[in-house]
Amino acid sequence: MLKIHAVSKTFFPQTVNEVRALRGIDLTIEEGSFTCIIGTNGSGKSTLLNAVAGTFFPDSGTIRVGEADITRWTEYQRARLIGRVFQNPFAGTAAEMTIAENIVLAMKRGLSHPLTAALNKSTKSEIGDRVRMLKMGLEDRLDNPIGTLSGGQRQALTLLMATWLRPRLLLLDEHTAALDPKSAAKIAELTKLIIHQEKLTALMVTHSMQQAVDLPDRIIMMHKGQIVEDFQKEQKKRVRIPDLLDTFDRVQKRELMDESVAEMLIRDYV
Amino acid sequence: MKIEAVKTENALLIKISGRLDASWSDYFTDTFLEYIRNGEHYLVIDAGELTFLSSAGIRSLVRISKELNRVKGLLRLIQANDFVTGTLRMTGFGEWLADVAPEDLLVVSDDTNDKSEDTDVFVLKKDARIVVEVVSAWKPWQQVKEKEVAMHEFQADSFALGIGSPYDKLAGKESKYGDFVTFCGHVVYQMPEDRSRPDYLIPVADFVPTLQTIQCLHGRGEMSHLWRFAPEAEKERQGISELASRALAMTNAEQAAFVILAETEGLVGAYMIQSPGAEQAFKPNDFVEMRQWLSFCGEPAYTGEQSLVFGIVSRRDSPDNSGLLVPLASNPGLAMHAHAVIFPYQPLQNGVLDLKNQIAKFFNGPPPKGVMHLLDDDRPTLGLGESLFTRGAMWCAPVQWKEETV
């Protein structure tokens, strides 16, 4: 469904600040699968998500969603295919507008005349039904400004809005990182529920090992702009947090193997 | 809750005051487990000011008692009030209660607690020795030749280290040659893959662990000496070169075999993550390529875990029959080869330990976490040094080389 081929991105090229953020990434995500990207700070995981979302164009390589080559599509053009939830719970909603109004905007996303339909009774009833599944009592507060809600409640609604039109691809960018632990657990649970119920194809970036183990069907580990591990199918099912930590440890240890270590090993590893 | 410990002649006297309930039980348990970890296995609780004991508190005491039972220790409560005494009797733990006044337990100062150097050296069997055979002597960075491959069985008195595979065909990478170590016939083997965990073969009934080895120093026999070591004021940890040197001194030998079972301060070493084979030479050209072959610890590893090490040490001026002993940077007078397997921490009983029982205990407990070829990293500035241990046991015996070796 999502095909990333040989994608590279270098920021500030040929300057002292040059950062090779993505180095020839090849990744295929199957339709209906839920993939999680983990990695150290600066590993390129959010950059990869941004490349898919269209925040910038890659220097080389191609990105396809289904049959469409979206490599040179702008961010708003990709909005027809891609839903996105950001880390900041205030980023995906308009604070002054009510819950219902925010959701109506999400319902019209990607359409050519998005603001033609009013918020009528039947629409409101449909919104109420969908919001009820969040089990936060928000269905009774549809006329309240969304700015009056807690971060967790707003993130739950953002998640619902991003998936309202069943996007071809859902991008989750550390979407629980700014929440308190209880709200983060609730949003993680909702994420899994919505993705499975709607059979969505999703790509999530997280720093939470627990979420990486519990939520997705596949875990990809990035380091220095490259994919260094890919746990899928049976291997994903057996993976536990200590395995992921061990893998991080191994990847970082590998970096410590320099010329002096190699010389010592050649002499002493007999 | 307040916990104050005083060292006495025979036990650690711990005065507790306040309530031992759900709010304090975790703190209480952790504090006591730390005492056990520090080698205090006779714990006497002065419960004179313990005002309340809940079920959570009893659960803590049970946990501590179980841990003490594993190391043949003892838990007693003295001066408990009627409520605590009644609660323990009603719940069937009356055996923990004792009738001793705290002043009857002689308090000793830290100074008198220091033991003379040889207090913990035990002669197990004066004439015992380990007869070592060089079964196979492949050296890394070379192609594996068929004549270097040997199927080898490990008996109940076997100690061994090297590189081998549980598979039975010499078939390039598929042979899966990896670092292994054997204790009393129990073999632990590190699959040469980056993601893998160690696997092990345990002798049960008629099953005799067998490996196809390409490098193997195999010793058979019994250990002659045991040394129990613990942190001391002037020396909080032991380096492996110091332990190896001690093994030579205790056995009065030119070459000695040793087994260390000890709490780890940090291990320094590497293990193979790609199997050498007959089809390709094992010759990394640079450090980037080396990363595909060996996993180096990068920093002292497995702190706080229990290491089980088998090694052979030789004085540098003695002949090395195997060609597999490497000079130690930390003690240039010695050459050594040692492999370690790492288990999750378990406390060790004080005093004389039976090696076979300990091996069986560890191999029948939680699975090993890693296998490592130990190294002495002497790189200028960046070097990690050698492997260090804080508390444990070392068994050793003189080495006698088997004549008909490779």
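All values reported here derive from a predicted model rather than from experimental measurement. Residue numbers start from 1 in every chain, and the chains themselves are labelled A, B, ... in the order their sequence lines are given, proteins ahead of strands.
- In plain terms, the two heavy atoms of B:A270 and A:L265 that are nearest each other are CB-CD2, 4.0 Å.
- Heavy atoms only, all atoms of each residue included: A:K253 and B:G298 are closest at CD-N, 4.4 Å.
- Separating the CE atom in A:M257 from the CZ atom in B:F296 is a distance of 8.0 Å, to the nearest 0.5 Å.
- Contacts between A:M264 and chain B at a heavy-atom distance below 4.5 Å involve the side chain alone, from C-beta outward.
- Closest heavy-atom contact between A:A262 and B:M290: O-CE, 3.5 Å.
- The part of A:Q235 that comes within reach of chain B is its side chain, from C-beta onward, which places non-hydrogen atoms under 4.5 angstrom from that chain.
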(request) Starting from the C-alpha separation in whole Å, work towards a yes-or-no answer on side chain to side chain contact (heavy atoms under 4.5 Å, CB included) for B:M272 and A:Y269. (result) CA-CA 10 Å; B:M272 215 176 261; A:Y269 184 87; 3.6 Å; yes
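- Of the atoms belonging to B:I163, it is side-chain heavy atoms, and not backbone ones, that fall under 4.5 Å from chain A.
- Remark: B:L374 CG to A:D268 CG distance equals 12.0 Å, nearest 0.5 Å.
- If you tally non-hydrogen atom pairs under 4.5 Å between each of A:D249, A:D243, A:V261, A:T247 and chain B, the highest count goes to A:V261.
- Within a 6.0 Å sphere centred on CD of A:E259, heavy atoms belonging to other residues, nucleotides or ligands number 12 at most.
- Around atom NZ of A:K224, no more than 12 heavy atoms belonging to other residues, nucleotides or ligands sit under 6.0 Å away.
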(message) Determine whether B:L382 and A:D258 satisfy the following criterion, side chain to side chain contact (heavy atoms under 4.5 Å, CB included), listing intermediate values before the conclusion.
(response) CA-CA 11 Å; B:L382 298 170; A:D258 60 14; 4.2 Å; yes
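- Here the closest non-hydrogen pair linking B:R291 and A:E255 is NH2-O, 3.5 Å.
- Counting heavy-atom neighbours within 6.0 Å of B:R197 CZ, excluding the residue itself, gives a total of 12 or less.
- Under 4.0 Å is where a charged nitrogen must lie from a carboxylate oxygen, and between A:R267 and B:D378 at least one such pair does.
- Interface remark: A:D246 contributes no atoms to any contact with chain B (heavy atom separation under 4.5 Å).
- Considering every non-hydrogen atom in both A:V270 and B:P140, the closest pair reads C-CD, 3.6 Å.
- Interface remark: B:D377 contributes backbone and side-chain atoms alike to the contact with chain A (heavy atom separation under 4.5 Å).
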(request) Determine, step by step, whether B:I273 and A:R250 satisfy the side chain to side chain contact (heavy atoms under 4.5 Å, CB included) criterion, reporting the C-alpha distance in whole Å, the side-chain angles of both residues, the deciding distance to 0.1 Å, and the verdict. (result) CA-CA 11 Å; B:I273 52 173; A:R250 274 200 306 272; over 6 Å; no
